[in-house]
Amino acid sequence: IELFHLRSIQQSSLDRYHSMFYELPIPCFTLNELGHIMEWNHAAAAYFELPEYEVVDKPVSEILGTGVFRSEAEGAVYQVFLGHHPRPVNVNIDLPNGTTRQVRWFVSPVRNGRGDVVGAVNTIGLMPTGAVIETEERSSAAA
């Protein structure tokens with residue numbers, strides 16, 4: 001009876017996680033400490049036109065290109081593994097259809113039961129074309 005109860009709790013947790021991560025309408029993926037993609041939600045698969053089975057356990061630089069991870073996004077991921085909470089950054093992403101989109105990149109820690117950072121959740125905030133550029137232009141004009 002106890003084993004059945006534990007399995008039920010485990011299944012409920014898995015169902016809850018599935019609903020919260022895989023079904024989010026915004027692209028999200030997790031990275032381990034080596035920079036390999038561990039999870040890739042449905043919105044990321046659609047946005048990057050790459051199914052999960054093609055990206056899991058591969059270096060993110062191989063999947064999204066070295067340009068993304070020679071930018072502020074790479075620094076934000078490192079900050080998370082050092083225990084910091086980085087601010088979102090603007091990043092240009094080259095999409096498979098040949099277009100480039102500027103997105104807002106959010107990075108959050110994944111912690112184990114002891115509180116150690118064991119991964120990083122990366123969330124891609126999709127922005128209307130030109131929205132960030134206009135904001136930056138206003139900031140430059142104000143300075």
Side-chain angles (χ1 to χ4, degrees), residues 1-139 142:
I1 293 174
E2 209 172 296
L3 183 58
F4 175 78
H5 184 64
L6 290 174
R7 283 186 181 162
S8 176
I9 291 171
Q10 185 180 30
Q11 186 60 49
S12 294
S13 293
L14 184 60
D15 291 344
R16 182 173 173 235
Y17 170 78
H18 190 270
S19 295
M20 290 175 58
F21 181 80
Y22 281 99
E23 300 302 329
L24 277 173
I26 53 177
C28 293
F29 57 93
T30 61
L31 300 176
N32 67 10
E33 66 279 356
L34 300 174
H36 290 208
I37 296 170
M38 301 309 296
E39 297 160 306
W40 186 258
N41 77 353
H42 299 307
Y47 186 71
F48 294 108
E49 299 176 12
L50 292 166
E52 184 178 25
Y53 67 86
E54 286 186 20
V55 301
V56 168
D57 206 27
K58 292 186 179 170
V60 70
S61 59
E62 180 182 317
I63 301 304
L64 299 182
T66 56
V68 167
F69 276 82
R70 298 290 183 252
S71 69
E72 290 182 80
E74 182 177 35
V77 171
Y78 282 137
Q79 285 182 24
V80 163
F81 279 101
L82 293 173
H84 303 289
H85 297 280
R87 297 175 64 181
V89 296
N90 296 337
V91 177
N92 290 322
I93 295 180
D94 296 323
L95 298 176
N97 66 10
T99 62
T100 299
R101 286 278 311 265
Q102 188 171 49
V103 300
R104 193 87 163 143
W105 193 293
F106 300 82
V107 186
S108 308
V110 175
R111 298 183 186 276
N112 64 15
R114 294 186 314 260
D116 302 323
V117 178
V118 295
V121 176
N122 296 264
T123 305
I124 307 299
L126 307 178
M127 315 224 4
T129 306
V132 173
I133 295 168
E134 290 173 13
T135 302
E136 290 173 356
E137 286 175 358
R138 270 191 239 124
S139 297

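Below, all heavy atoms of this structure are taken into account, side chains as well, without hydrogens, waters or symmetry copies.
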Please list, one pair per line, the donor and acceptor atoms closer than 3.5 Å that link side chains of residues 29-51 to other protein atoms, with sequence neighbours excluded.
| residue | atom | partner | partner atom | Å |
| --- | --- | --- | --- | --- |
| Thr30 | OG1 | Glu39 | N | 3.1 |
| Thr30 | OG1 | Glu39 | OE1 | 2.8 |
| Asn32 | OD1 | Leu34 | N | 2.9 |
| Asn32 | OD1 | Gly35 | N | 3.2 |
| Asn32 | OD1 | His36 | N | 3.0 |
| His36 | ND1 | Asp57 | O | 3.3 |
| Glu39 | OE1 | Tyr17 | OH | 3.1 |
| Glu39 | OE2 | Tyr17 | OH | 2.4 |
| Trp40 | NE1 | Leu50 | O | 2.8 |
| Asn41 | OD1 | Cys28 | N | 3.1 |
| Asn41 | OD1 | Ala43 | N | 3.3 |
| Asn41 | OD1 | Ala44 | N | 2.8 |
| Asn41 | ND2 | Phe21 | O | 3.2 |
| Asn41 | ND2 | Ile26 | O | 2.9 |
| His42 | NE2 | Glu23 | OE2 | 3.3 |

| request: Check side chain to side chain donor-acceptor pair (under 3.5 Å) between Glu62 and all other residues, then give those that pass, not counting sequence neighbours. | output: none
Scan the side chains in residues 71-83 for donor-acceptor partners under 3.5 Å anywhere in the protein, sequence neighbours excluded, and list what turns up.
| residue | atom | partner | partner atom | Å |
| --- | --- | --- | --- | --- |
| Ser71 | OG | Val68 | O | 2.3 |
| Ser71 | OG | Ala73 | N | 3.3 |

| message | Which residues pass the side chain to side chain donor-acceptor pair (under 3.5 Å) test with Ser8, not counting sequence neighbours? | response | none
| Could you give all pairs that pass the side chain to side chain donor-acceptor pair (under 3.5 Å) test and reach residues 91-100, with sequence neighbours left out? | Asp94-Thr100, Asn97-Thr99
| task | Would you check, one step at a time, whether the test side-chain contact (heavy atoms from CB on, under 4.5 Å) holds for Asn90 with Arg104? | result | CA-CA 5 Å; Asn90 296 337; Arg104 193 87 163 143; 2.8 Å; yes
| query | Should Pro109 and His85 count as side-chain neighbours, where that means a heavy-atom distance under 4.5 Å? | reply | yes
N/O donor-acceptor pairs under 3.5 Å from side chains in residues 111-126, not counting sequence neighbours:
| residue | atom | partner | partner atom | Å |
| --- | --- | --- | --- | --- |
| Arg111 | NH1 | Gly115 | O | 2.9 |
| Asn112 | OD1 | Arg114 | N | 3.0 |
| Asn112 | OD1 | Gly115 | N | 3.1 |
| Asn112 | OD1 | Asp116 | N | 3.0 |
| Arg114 | NE | Asp116 | OD2 | 3.2 |
| Arg114 | NH2 | Asp116 | OD2 | 3.0 |
| Asn122 | OD1 | Trp105 | NE1 | 3.0 |
| Asn122 | ND2 | Ala120 | O | 3.1 |

